[in-house]
Number of protein chains: 2
Amino acid sequence: MLETARLPSLVSIRAFEAAARLGGFALAARELGTTAAAVSYHVRQLERQTGVTLFHRYPHRVELTAAGALVAEEAIRAFGALRSSFMRAAALEAGQISITALPTFSTSWLAPRLGDFRARHPGIRIEVEVSTDAQDLGAGRFDVAIRNGHGRWPGLRAVPLFPALFMPLCAPELRDAASAALAGPPEAINVPLLGRPDWWALWFRAQGHERPPTPDRFGIQLAEEHLDAAAAISGHGVTIGSPIIFGRELEAGRLVPAHPRAARDGRAFWLAYPLARQDSAKIGLFRDWLSEQAEAARHAAARWIGEPVEAPVA
Amino acid sequence: MLETARLPSLVSIRAFEAAARLGGFALAARELGTTAAAVSYHVRQLERQTGVTLFHRYPHRVELTAAGALVAEEAIRAFGALRSSFMRAAALEAGQISITALPTFSTSWLAPRLGDFRARHPGIRIEVEVSTDAQDLGAGRFDVAIRNGHGRWPGLRAVPLFPALFMPLCAPELRDAASAALAGPPEAINVPLLGRPDWWALWFRAQGHERPPTPDRFGIQLAEEHLDAAAAISGHGVTIGSPIIFGRELEAGRLVPAHPRAARDGRAFWLAYPLARQDSAKIGLFRDWLSEQAEAARHAAARWIGEPVEAPVA
DNA sequence: CTGCGAGGCTAAGGCAGACTTATGCTCGAA
DNA sequence: TTCGAGCATAAGTCTGCCTTAGCCTCGCAG
């Protein structure tokens, strides 16, 4: 690089700074992990580049000149301050984690649990941003992402959380009517369906019914899945969702399975983060905590789930 | 070099600093005389080395993170202070010149003239150290040296001042006696000789006398040549010295030539300085001034000197 | 709405600068 | 007097830095 701002070679300044601070080229070489010849060479380079004599040479030792002492003082201070700023930046960075996650996952599963993470890691502040789009982790805006998919994303490490499952869920008072309705083909449905039509189609295919429910079978059309769940809790119909994600609602009796069988599409929920970040302590802590929570959630949801049936590809 | 003090690559920090200060990689690349790809690469390296995300990436632009802003502030300050310290060091260095010179040259010729240099270059402080030994200019203790010799010193630039001349000099009242004594061979000397015996031997050889004056011909033995001159001025004998160096004494009539002929040994007085320093402004100013003074001194001394005779090699 | 330009990103390859090695110098201490 | 330590330099090696090429996204102008 050309020095447009007339700052000489930084590598040479660093060699000089170490020599000035330690009082000799041999000690500087040892600290920098190089040879005394390299330090000598760099100090000479610096003197040539700047036209300033930095050291008086005597046999066996060197002594800073007045000009050299002036630069040394500033260089020592500058490098010390820089070093300190990197440490403070690392501490700042280590003290907060930025997560991008899917809306329902965030609202219904993650958010209720974050209190526990905060209790166990009070030094780490959490930021969650919900997005239906997969955010670019390379852009640096997020440390980790919760993704739904196959788990094979280049440059990322994906930790499996739990499989994507689709189970009919309704309020307790709708149980009998919904169970009866779902025992037959889609055209026999006489209770309102809630949630994504493609997920219902997937579920019926897993039951052996090729034709999906027609639009007239659906009740309220809501923008987000957790709103579907809220409507179902209110008795407005049967929703289709993950017994793991809604595990706490099932536990509390606010939702019940309207059918014992769940369908799956081969996808799963994953924690993803850049391979380049796998040494990050905070990401490691979050990963370990999240894996633990996911395992507990899978275990707890097992009582609601019979053997999940993988739906044939439409 | 290994980073024993955990400061990451300085080249990368410099790229980062420029990008932070200018708000983009393209502008930073322009200032640093490199490509945006190089800046991007260095910022990534820095992020990997430190584990700190420094920029958020967006299409067409980048934005400092909080941690990045923290480091940027310190880096901008550090580099600015370093730059400033080099400029101040250069100014300090440019404001003083260190000279090593031969004793007599210093005392009798240089010192009386330095007032003129100081008047013409008030911003440059002069330090003269007298030494009979040739000081190592590479050690950085001296900027320039006045040397006597052949002028061919490796790594140094030598500017000729004036030839080394040896002429008998005495007080006016001793003129006739000294002239008569010096007209014949050394054994006929009946006035005390002062100064270095080897210089007298050289002078007599130049006159065609093979045998040097014997020790009994010498008066007071003094340690330094200018003391010999002082003794000669006091009428204690005839000294042997340079009519150029003692030009002002001749001019003032305190010394007169005891013989019209000067001898020379093929050597001269030179201003020497390191080739590596030839761009130094202060050295240039001193060289130009000294050359001018030397030329004036040669010119003024011409009236005292007949055709100098080169003494045959003993 | 389409095309272009600008800024950023990464991979691969080349080379120049950084460093090592070898040798030499000086001086102080044993 | 000898040896070891620190500094200096030259020459050769090699690795880190940079360039080049190609790609991506987005905003703006036509």
Side-chain angles (χ1 to χ4, degrees), chain A residues 1-3 8-16 18-20 22-49 53-64 68 133-141 154-155 274-276, chain B residues 1-3 8-16 18-20 22-49 53-64 68 133-141 154-155 274-276:
Chain A
M1 287 187 188
L2 300 175
E3 293 331 299
S9 166
L10 289 168
V11 179
S12 294
I13 297 176
R14 210 257 306 267
F16 163 72
L22 298 169
F25 293 359
L27 288 171
R30 210 173 300 161
E31 178 175 283
L32 297 171
T34 185
T35 62
V39 176
S40 179
Y41 166 84
H42 275 301
V43 173
R44 276 296 184 196
Q45 285 283 85
L46 197 51
E47 288 178 329
R48 283 196 195 100
Q49 281 170 346
T53 303
L54 299 165
F55 284 107
H56 289 316
R57 273 77 167 176
Y58 301 91
H60 214 99
R61 64 184 184 82
V62 291
E63 190 177 285
L64 277 169
D133 298 328
Q135 297 296 303
D136 174 18
L137 290 183
R141 292 191 295 282
L275 287 168
Chain B
M1 285 186 191
L2 299 174
E3 299 323 304
S9 166
L10 289 168
V11 179
S12 294
I13 296 176
R14 209 254 311 262
F16 163 69
L22 299 168
F25 294 1
L27 289 170
R30 208 170 303 160
E31 178 174 282
L32 298 171
T34 186
T35 61
V39 176
S40 179
Y41 165 85
H42 276 301
V43 173
R44 278 296 184 196
Q45 285 284 84
L46 197 51
E47 288 178 330
R48 283 197 194 100
Q49 281 169 347
T53 302
L54 299 165
F55 284 107
H56 289 317
R57 272 77 168 176
Y58 301 90
H60 213 100
R61 65 185 184 82
V62 290
E63 189 176 287
L64 278 168
D133 297 329
Q135 296 297 303
D136 174 19
L137 291 182
R141 294 193 293 283
L275 287 169

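Each chain gets a letter, A, B and so on, in the order its sequence line appears, and its residues count up from 1.
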Per-nt protein contacts along nucleotides 23-30 of chain D (heavy atom under 4.0 Å; B base, S backbone sugar-phosphate only, - none) come out as --SS----
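- Considering only side-chain N and O atoms, B:H42 lies under 4.0 angstrom from the phosphate OP1 or OP2 of D:dC18.
- For the pair B:H42/B:V39, no side-chain contact is recorded, criterion being any heavy-atom separation below 4.5 Å from C-beta on.
- Between the P atom of D:dA8 and the CD atom of A:Q45 lies a distance of 13 Å, rounded to the nearest Å.
- Considering only side-chain atoms of B:R44, the nucleotide from D:dG6, D:dC17, C:dT10 that sits closest is C:dT10.
- Counting heavy atoms from C-beta on, the side chains of A:S9 and A:Q49 come closer than 4.5 Å.
- Under 4.0 angstrom from either OP1 or OP2 of D:dC7 there lies no side-chain N or O belonging to A:R61.
- For A:T35 and C:dT20, the shortest distance from a side-chain N or O to OP1 or OP2 is below 4.0 Å.
- Taking side-chain N and O atoms only, A:S40 has no distance below 4.0 Å to OP1 or OP2 of D:dC7.
- The shortest distance between side-chain heavy atoms of A:R14 and A:L10 does not fall below 4.5 Å.
- The distance from atom CD1 of A:I13 to atom P of C:dA18 is 12 Å, rounded to the nearest whole Å.
- Rounded to an integer number of Å, the gap from A:E63 CD to C:dT26 P is 20 Å.
- Ranking D:dC18, C:dG7, C:dA22 by closeness to the A:A37 side chain, first place goes to C:dA22.
- Atom CZ of A:F25 is separated from atom OG1 of A:T34 by 13.0 Å, given to the nearest 0.5 angstrom.
- Between the P atom of D:dC17 and the CG atom of A:L10 lies a distance of 12 Å, rounded to the nearest Å.
- In this structure, of C:dA18, D:dC7, C:dC9, it is C:dA18 that holds the atom nearest to the side chain of A:S9.
- As rounded to whole Å, 9 Å separates atom P of D:dT9 from atom CG of B:D136.
- Contact annotation: the side chain of B:R141 approaches that of A:Y58 to within less than 4.5 Å [non-hydrogen atoms, C-beta and beyond].
- Among C:dT20, C:dC9, D:dC7, the nucleotide with an atom closest to any side-chain atom of A:R57 is D:dC7.
- Computed from coordinates, the A:L54 CG to D:dC7 P distance equals 15 Å when rounded to whole Å.
- Remark: P of D:dA11 and OH of A:Y41 are 14 Å apart, rounded to the nearest angstrom.
- Taking all atoms of both residues into account, the shortest heavy-atom contact from A:G24 to A:V62 is CA-CG2, 4.4 Å.
- Listed here is the closest heavy atom pair of A:R57 and B:G138: CD-O, 4.5 Å.
- Atom P of nucleotide C:dG8 and atom NE2 of B:H56 are separated by 16 Å, given to the nearest angstrom.
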